[in-house]
Amino acid sequence: MNGVLVTGAGRRIGAGIATHLGGTGRHVFVHYNRSADEARAVVAGIQARGGAATALAADLSDPAQAENLVARCEEIAPLSVLINNASVFAYDSIETATYDALDANMRANLYAPAALARGLHRAVAGRGGTGCIINMLDNKVFALNPDYFSYTLSKVALNGMTQMLAMAFAPSVRVCGIAPGITLISGNQTQENFERAHGNNPLGQGCTVEQIVGGVDFILATPSYNGQTLVIDGGQVLQRRPRDVAFLDRDGE
């Protein structure tokens, strides 16, 4: 049984992806940092349905812990899929961004995915197998605005790394991305604001966890898909809005 590592899988989108993959015959490694109880609940749910899963704690901002996570998985099951979902997400702007904020975002959103990707490629290539890496991006990478400055910079870099690693790791490991639009309530959003922002795009409907899971399934089932990113946002990137959609809709614009 091959394994799949989903980072940040105790809650929200990561939990949805891990739960789904638990029914696909893979051993799911449910990574978490602070969400221990939630991660164990995801594991228990997978096991209750006859799947195999293990919760693994790691602070991905710590280079040693990030570098060692793939090896910890490999001790249990050969890893063939990595989904870099864990992310730091907090508001700042160019006026308020600090070195510490930039570093925190880059460590979690870029450096750790790079270390994990390298570890997976070495493991897969070492046994002559094939694998796949999916980096969770953000639709704003393709329609930039200055909100969430440090976070956005890290995701722009992760998008570039997705293409670079797709070239570097071929043909043994494919590297792809998924860039969702607004999917779940975050920060101090109200339900009303979320619903308005979620549907404020050409199709009048936003991304859901189920659609992201469908994107994961498509990528894993399509061996010729490599170095590309699925954008799931109802066409929101076509609007090229000047601010993050959550702020525009909160202001009633």
Side-chain angles (χ1 to χ4, degrees), residues 1-9 12-31 46 51-53 70 73 77-87 113-114 116-143 155-181 183 201 203 205-238:
M1 179 184 291
N2 285 342
V4 51
L5 168 60
V6 184
T7 65
R12 296 171 66 83
I13 292 171
I17 295 171
T19 297
H20 170 73
L21 292 176
T24 63
R26 297 177 175 91
H27 190 115
V28 181
F29 295 99
V30 179
H31 160 264
I46 292 171
V70 168
C73 296
L79 202 61
S80 61
V81 176
L82 164 65
I83 300 179
N84 282 312
N85 170 75
S87 183
L116 293 170
R118 179 173 57 200
L120 176 74
H121 176 252
R122 287 174 176 172
V124 169
R127 55 177 172 265
T130 59
C132 184
I133 297 167
I134 300 175
N135 293 322
M136 295 303 300
L137 298 165
D138 191 303
N139 74 323
K140 72 179 299 179
V141 167
F142 301 98
K155 291 297 185 176
V156 168
L158 183 60
N159 180 55
M161 188 181 81
T162 298
Q163 298 175 39
M164 294 167 70
L165 295 188
M167 299 170 68
F169 291 169
S172 58
V173 174
R174 296 184 294 119
V175 186
C176 308
I178 296 177
T183 304
N201 57 63
L203 291 183
Q205 56 179 300
C207 182
T208 65
V209 174
E210 292 74 21
Q211 291 169 14
I212 293 171
V213 165
V216 170
D217 282 343
F218 166 76
I219 291 171
L220 294 180
T222 310
S224 61
Y225 194 81
N226 187 39
Q228 304 297 314
T229 295
L230 288 172
V231 179
I232 309 174
D233 70 349
Q236 186 187 89
V237 295
L238 302 174

Would you give the length of the straight line joining atom CG of N139 to atom CG of L230, rounded to the nearest 0.5 angstrom?
13.0 Å
Before we go on, tell me: are the rings of F29 and H27 under 6.0 Å apart, centre to centre?
yes
Are the side chains of L220 and I134 in touch, meaning some heavy atoms are under 4.5 Å apart?
yes
What heavy-atom pair brings G177 and I219 nearest, and what distance separates the two atoms?
O-CD1, 4.0 Å
Would you indicate whether the side-chain heavy atoms of L137 and I178 approach each other to under 4.5 Å?
no
Using modelled atom types and a 3.5 Å cut-off, is there a donor and acceptor pairing between side-chain atoms of D233 and backbone atoms of V237?
yes
Holding to side-chain hydrogen bond (donor to acceptor under 3.5 Å, both in side chains), I want the full list of residues that pass it with D217, two or more places apart in sequence or in another chain.
H20
Can you find a heavy atom in the side chain of V216 that is under 4.5 Å from one in the side chain of I83?
yes
Using the test side-chain hydrogen bond (donor to acceptor under 3.5 Å, both in side chains), find all partners of T24 that sit at least two apart in sequence or belong to another chain.
R26
Pairs satisfying side-chain hydrogen bond (donor to acceptor under 3.5 Å, both in side chains), at least one member in residues 218-230, at least two apart:
none
Could you note down all residue pairs passing ring pair (Phe, Tyr, Trp, His ring centres under 6.0 Å) where residues 118-137 supplies at least one of them, sequence neighbours left out?
H121-F169
State which residue, out of V124, L82, L116, fulfils the side-chain contact (heavy atoms from CB on, under 4.5 Å) condition with V70.
L116
Name all residues meeting the salt bridge (charged side-chain N to carboxylate O under 4.0 Å, His left out) criterion together with R118; count only those two or more places apart in sequence or in a different chain, and write none if there are none.
E67
Nearest atoms (heavy-atom pairs only) where P180 meets C207:
CB-SG, 3.7 Å
Correct closest heavy-atom pair for I46 and G22 would be CG2-CA, 3.7 Å
side-chain contact (heavy atoms from CB on, under 4.5 Å) test vs V6 passes for just one of L21, I13, V81, namely L21
CA sep, side-chain torsions, deciding dist, call: V30, V28, side-chain contact (heavy atoms from CB on, under 4.5 Å):
CA-CA 6 Å; V30 179; V28 181; 4.0 Å; yes
Can you name the nearest heavy-atom pair linking R174 to P223, along with the distance?
CD-O, 3.1 Å
Please set out all donor-acceptor pairs under 3.5 angstrom arising from side-chain atoms of residues 155-168, sequence neighbours excluded.
| unit_1 | atom_1 | unit_2 | atom_2 | d |
| --- | --- | --- | --- | --- |
| K155 | NZ | M136 | O | 2.8 |
| T162 | OG1 | N135 | ND2 | 2.9 |
| T162 | OG1 | L158 | O | 2.9 |

Taking the side chain as every heavy atom from C-beta outward, state whether L79 and C73 have any pair of such atoms under 4.5 Å apart.
yes
Closest approach of G129 to S172 (non-hydrogen atoms, all atoms of both residues)
O-CB, 3.8 Å
